[in-house]
Protein chains: 2
Amino acid sequence: MLTEKTEQSGVTAAPGTTKARIERAALSLFCARGVDAVTTREIAAASGVSEGALYRHYPSKDALSQAMFFAIHKRLAEEVEAAAAEAAKIEDKARAIVAAYVRIADEDWTLFSYHLLTTHRFLPYADKSESPKSGNPVAIVEGVIMDAVKHGELPQGDAALKTAAALGVVLQTALHKIYGRVKGALGAHEEALARAVIAVLKS
Amino acid sequence: MLTEKTEQSGVTAAPGTTKARIERAALSLFCARGVDAVTTREIAAASGVSEGALYRHYPSKDALSQAMFFAIHKRLAEEVEAAAAEAAKIEDKARAIVAAYVRIADEDWTLFSYHLLTTHRFLPYADKSESPKSGNPVAIVEGVIMDAVKHGELPQGDAALKTAAALGVVLQTALHKIYGRVKGALGAHEEALARAVIAVLKS
DNA sequence: GTGCTGGGTGTGAGCGTTCACTCACGTATA
DNA sequence: TATACGTGAGTGAACGCTCACACCCAGCAC
């Protein structure tokens, strides 16, 4: 709750612009009721603009929903990659990656929730245009874990499984925050999450 | 892949009935493209019946999607509760609960995927009709963990957090199986999942 | 047996509504 | 004057759902 996004700060657009207000309104509605259930009329009304204005900035509702998803998807990938690069030992990499996730989530919780809740909708569209690894936070995490296993830092075992389990610790906690089961900012639990992730990796 | 559900076995209905075929067809389509994106015409076509027949068995598309969600939701709650009851120590409870999840998932993977992918859509409808704990697998797991913390079997710490992290290990792995990142039946990873869950709980 | 009845089940053209999207038009800034 | 931005009534298409009709078959009287 420390750094809450105002209604003006955009996802793709500069803060204060009409495009930013459209993105913010769409984001909230998409999170609350799902992309398909939200109408363009509602987005327009919630943005305080007309429906036509919406189509000045995005060619379609689908393009709007996709652009916002891949904005955070790409951001996550970049920050996870940077976090992994800034540490040497796997424990420190894990801590840095958890810190990156938590920071991005708390910085723009609605956008992060949107990513979490719609991943299965947009992932099929992802690897078509880009190389399978770059731009995908999961693939980057998996690469880090594979390396650590290869170098004997982590016990042998299916890296894909370790990746899923480690990410699950953080992402399910975020989900439970959406459901109201976990309270407060994710950042308040960063230390516990990091310890849990490391425990999973070493198990 | 051992015990794959045939197209005839129902979710709510007896195998081989029209209702069961409708449910199976709807389930596959809902998983593949999302509830809202699937039309009643498509469900009817995929079931091999007319659209009208669909409304002989369910009053609405929404009722169909809800009934199937709560069928597995209730089943998960019951089996998790039973699993927790059959063991004394928290490690054994954890193993039994993981085993229950894995078994239910592999028994009807499409239905389990559906539950996983649509939880955030239907959960708001859940606690209105029932008591908040019974019938909710997450609440039951949280109860088990709270007890274990209280009795000194697990280190002190936020039980809600431990619950999310432990469930995340299993559920994110299931998600990654949907994404094609984890291969084979969940059962093949049961031992690794159980160890990871226990490691998280003790962290 | 035959004939009648009634409930359960399946059909598909059709209904009213709502949706994503368009476009002719206004306005502001350079 | 030209370009960008904003407007909102309007459009065709597609949606969830209905309904008049047909069929099947068990139960029962004769």
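All chains are named by letter (A, B, ...) in the order of the sequence lines, taking the proteins before the strands, and each is independently numbered beginning at 1. Values in this document were obtained by computation on a predicted structure and should not be read as measured data.
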Under 4.0 Å between a side-chain nitrogen and a carboxylate oxygen: does that hold for B/Lys93 and B/Glu86?
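A salt bridge is absent here (no side-chain N lies under 4.0 Å from a carboxylate O).
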
Salt-bridge criterion met for A/Arg121 and A/Asp36 (N-O under 4.0 Å)
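A/Asp36 and A/Arg121: salt-bridged.
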
Integer-rounded Å distance: [N] [atom2] and [X] [atom1]:
| X | N | atom1 | atom2 | value |
| --- | --- | --- | --- | --- |
| B/Tyr58 | C/dG10 | OH | C1' | 17 Å |
| B/Tyr55 | D/dA20 | OH | P | 18 Å |
| A/Lys61 | C/dC19 | NZ | P | 9 Å |
| B/Ile43 | C/dG12 | CD1 | P | 17 Å |
| B/Asp36 | C/dT18 | CG | P | 16 Å |
| A/Ile22 | C/dA20 | CD1 | P | 14 Å |

N/O (side chain, A/Thr40) to phosphate O (OP1/OP2, C/dA20) under 4.0 Å
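The answer is yes; a side-chain N or O of A/Thr40 sits under 4.0 Å from OP1 or OP2.
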
Each nucleotide of nucleotides 6-13 of chain D classed B (base within 4.0 Å of a protein heavy atom), S (only sugar-phosphate) or -, in 5' to 3' order, makes BBB-B---

Side-chain donor/acceptor pairs under 3.5 Å, residues 196-203 of chain A, sequence neighbours excluded:
{"from": "A/Lys202", "atom 1": "NZ", "to": "A/Glu91", "atom 2": "OE2", "distance (Å)": "2.8"}
{"from": "A/Ser203", "atom 1": "OG", "to": "A/Val200", "atom 2": "O", "distance (Å)": "2.8"}

Pair B/His115 and B/Phe69, ring centroids less than 6.0 Å apart
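Judged by ring-centre distance (under 6.0 Å), B/His115 and B/Phe69 do meet the cut-off.
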
Between A/Phe112 and A/Tyr101, how do the two ring planes meet: parallel, tilted or perpendicular, split at 30° and 60°?
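Answer is perpendicular, since the angle exceeds 60°.
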
Applying salt bridge (Lys or Arg N to Asp or Glu O under 4.0 Å), name anything that partners A/Arg195, two or more places apart in sequence or on another chain.
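Only A/Glu191 meet the salt bridge (Lys or Arg N to Asp or Glu O under 4.0 Å) criterion with A/Arg195.
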
